[in-house]
Trainee: 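Right, I'll just put the structure down here and ask away after.
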Amino acid sequence: MIEVNNVSKYFGEKQILHSINTQFEEGKVNLIIGRSGSGKTVLMKCLVGLHSPEEGKVLYSGREFHNLPENEKLLLRKEMGMVFQGSALFDSMTIEENITFPLDMFTEQSESEKHDRANFCLECVDLENVNKLYPAELSGGMKKRAAIARALACNPKYLFFDEPNSGLDPKTSLLIDELITKITHDFNTTTVVNTHDLNSIITIGETISFIYQGHLAWRGSSDNILTSDDQTLNDFIYAQPLTQRLRKTL
Amino acid sequence: MLRQLLATFGEYLIFLRQVFSKPAKWSMFFKKWLFELDAMGIGSMLIVCIVSLAMGSVITLQTALQIESGWIPAWTVGFVARTSIVMELCPTIISLLLVGNLGSRITAEIGSMRVTEQIDALEVMGVNPASHLVLPKVLASIIVNPVLCIFSIAFALFGGFLTVWLTGCISTYNFMDGLTYCFRVYDVVYALTKTCVFAFVMSTVASFYGYRIEGGALELGKASTQGIVVSSFVILVLNVVITNIML
């Protein structure tokens, strides 16, 4: 479990996050939702250590991430996997080299073991015969899946997805959502997904933290998000004509 | 302005501390280092040789034209050409050429990795991106640039010889006599020392400007230009300093 306690983040004079308190549970798909510019990505970057919060704590199973000594922080980082918005695959490496890269860096596995692990990870994300291809040769959806495979390589306990559906067509978005749910339940990972895709919010969000202007405005799950009384949340969820029509049916 | 300059220099020093930390895995470091040696060395060899040949040719011709006097011995052309080529033109001009060639490549490569979040991905994995990406480039350039400088000297002198032979402005015997007259190994040591320092400046400054990019393609272009301008300026200043110290 990941606990976020009173996390505040400033860029210069500007406060981006205001005392965020939330939890991300083990074995569940935990969503961070909100409008563009609300602070979702900054919160996620604070979680994975790309930003250090000025105030508050991020606890990984009780371990305070930002105050850990470097060697322990490194060990904790090996328990994390992250899929970036633009996939962030290394363009100079093949897909297999991308997946085996963390294994090359941190394990003493033989070439055949690494090859087997890469194939297993690619199988998990339904990608076949792409081992020798370079990221530039893949479609957007395939890149996302390859990035998920790389994130799985070191068998992570914590998985982070930054807007996994951005730039994908609805069908591929659904596939990615299914994949995220499957991986979370199969490997019992604590999965944190940063999204503003309404379909993801409704279908995969087991816990949902809604960020509004840097504040945690609402916390719940996909079961009660559509019937919430929170005005700011409703303004976000029912912003589009299609969802406004859905609301009338509820 | 001064505060900004000091802040940037401070950031550069912090960056260097990250770069010169122990690599996560030595075998991976050597693999990357060998790759950089090949990419930097072989990739720049042709342009260095062409520029050096032309430079040696022109400097010889210019010298021959300037000192057409019965009072000055003919071998002076070879002597002046050699001294200019070995001590100044090859180490400095070739280093400035490599700033444009290798430096911009380094900034663009690291900058595009920053823009596409590949550096963030390394950091999340627990890899020190500065050390993993930059250290092999710095150490490769410190080896490659002096080697290129030696090739450059050889080609520039050959260019000079070729010019003398083709134009007949002086005899090739006199030219060769001048080339070997009062030759000091220290001059080559001085040239290679300068090249090593310039290589360090080029690779670290170019990497620094690529590493700290915030934004997209526009910033990448700006960073590349800034990297070249700052590296060139620092190289020219250090050239004066090193010359004062070593000569």
Side-chain angles (χ1 to χ4, degrees), chain A residues 11 41 44-52 65 68 70-93 97-109 111 135-136 143 146-147 150-154 156 158-163 166 192, chain B residues 3-4 7 11 14 17-18 20-36 38-40 43 105-106 108-137 140 210-217 220:
Chain A
F11 286 131
T41 302
M44 182 165 274
K45 286 188 173 178
C46 285
L47 295 180
V48 298
L50 290 172
H51 289 324
S52 296
F65 181 59
L68 283 175
E70 275 308 310
N71 55 342
E72 285 180 44
K73 204 181 259 184
L74 189 66
L75 289 175
L76 184 53
R77 278 190 190 281
K78 287 176 194 167
E79 295 176 7
M80 295 179 188
M82 182 161 180
V83 178
F84 287 83
Q85 192 174 354
S87 304
L89 292 166
F90 305 125
D91 344 279
S92 57
M93 297 180 188
E97 285 166 348
N98 261 284
I99 297 168
T100 55
F101 177 78
L103 304 173
D104 285 332
M105 292 303 285
F106 301 117
T107 70
E108 297 299 331
Q109 289 183 13
E111 288 303 315
K143 276 185 198 169
R150 185 179 67 183
L152 290 176
C154 282
Y158 309 99
L159 262 178
F160 299 90
F161 294 82
D162 187 17
E163 306 206 7
S166 70
V192 182
Chain B
R3 180 181 259 193
Q4 175 77 35
E11 276 179 49
I14 292 168
R17 205 184 73 178
Q18 291 173 341
F20 288 96
S21 54
K22 193 181 153 211
K25 202 165 187 181
W26 284 104
S27 58
M28 289 292 281
F29 168 80
F30 281 118
K31 206 170 143 188
K32 269 193 85 70
W33 182 64
L34 288 175
F35 172 81
E36 294 297 343
D38 178 51
M40 287 182 172
R105 177 185 151 244
I106 291 172
E109 187 185 322
I110 294 179
S112 66
M113 287 188 79
R114 169 65 80 195
V115 169
T116 56
E117 297 178 309
Q118 292 175 48
I119 290 182
D120 288 344
L122 283 170
E123 211 165 315
V124 172
M125 282 176 198
V127 177
N128 173 354
S131 168
H132 177 73
L133 297 172
V134 181
L135 189 58
K137 291 186 198 305
Y211 197 79
R212 69 202 283 260
I213 285 178
E214 280 176 9
L220 185 57

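Throughout, protein chains are lettered first and strands after them, A, B, ... in sequence-line order, and every chain is numbered starting at 1.
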Trainee: So which part of A/Glu79 gets closer than 4.5 Å to some heavy atom of chain B, the side chain, the backbone, both or neither?
Mentor: neither

Trainee: Does some side-chain heavy atom of B/Gln118 sit less than 4.5 Å from a side-chain heavy atom of A/Asp91?
Mentor: yes

Trainee: Using a cut-off of under 4.5 Å on heavy-atom pairs, state which of A/Leu74, A/Asp104, A/Leu75, A/Val83 scores highest against chain B.
Mentor: A/Asp104

Trainee: Quick one: which of A/Leu50, A/Leu89, A/Val48 has the most heavy-atom pairs under 4.5 Å with chain B, could you say?
Mentor: A/Leu50

Trainee: Table please: side-chain donor-acceptor pairs of residues 120-134 of chain B below 3.5 Å, with sequence neighbours left out.
Mentor:
| from | atom 1 | to | atom 2 | distance (Å) |
| --- | --- | --- | --- | --- |
| B/Asp120 | OD1 | B/Arg114 | NH1 | 3.3 |
| B/Asn128 | OD1 | B/Ala130 | N | 3.1 |
| B/Asn128 | OD1 | B/Ser131 | N | 3.3 |
| B/Asn128 | ND2 | B/Gln18 | O | 3.1 |
| B/Asn128 | ND2 | B/Ser21 | OG | 2.7 |
| B/Ser131 | OG | B/Ser21 | O | 3.2 |

Trainee: Using heavy atoms and a sub-4.5 Å threshold, report which of residues 22-29 of chain B line up against chain A, by residue number.
Mentor: B/Ala24, B/Lys25, B/Met28

Trainee: Please tell me if the side chains of A/Pro156 and A/Met80 come closer than 4.5 Å, counting only heavy atoms from C-beta onward.
Mentor: no

Trainee: Side chains of B/Ile119 and B/Ile110, heavy atoms from C-beta outward: is any pair under 4.5 Å?
Mentor: yes

Trainee: What part of A/Lys45 gets within 4.5 angstrom of chain B, counting heavy atoms only: side chain, backbone, both, or neither?
Mentor: side chain

Trainee: Who passes side chain to side chain donor-acceptor pair (under 3.5 Å) against B/Glu109, sequence neighbours left out?
Mentor: B/Lys137

Trainee: With a 4.5 Å heavy-atom cut-off, do A/Arg77 and A/Leu68 have their side chains touching?
Mentor: no

Trainee: Taking salt bridge (charged side-chain N to carboxylate O under 4.0 Å, His left out) as the test, write out the residues that go with B/Glu11, two or more places apart.
Mentor: B/Arg212

Trainee: Given side chains that start at C-beta, do those of A/Gln85 and A/Ser166 come closer than 4.5 Å, heavy atoms only?
Mentor: yes

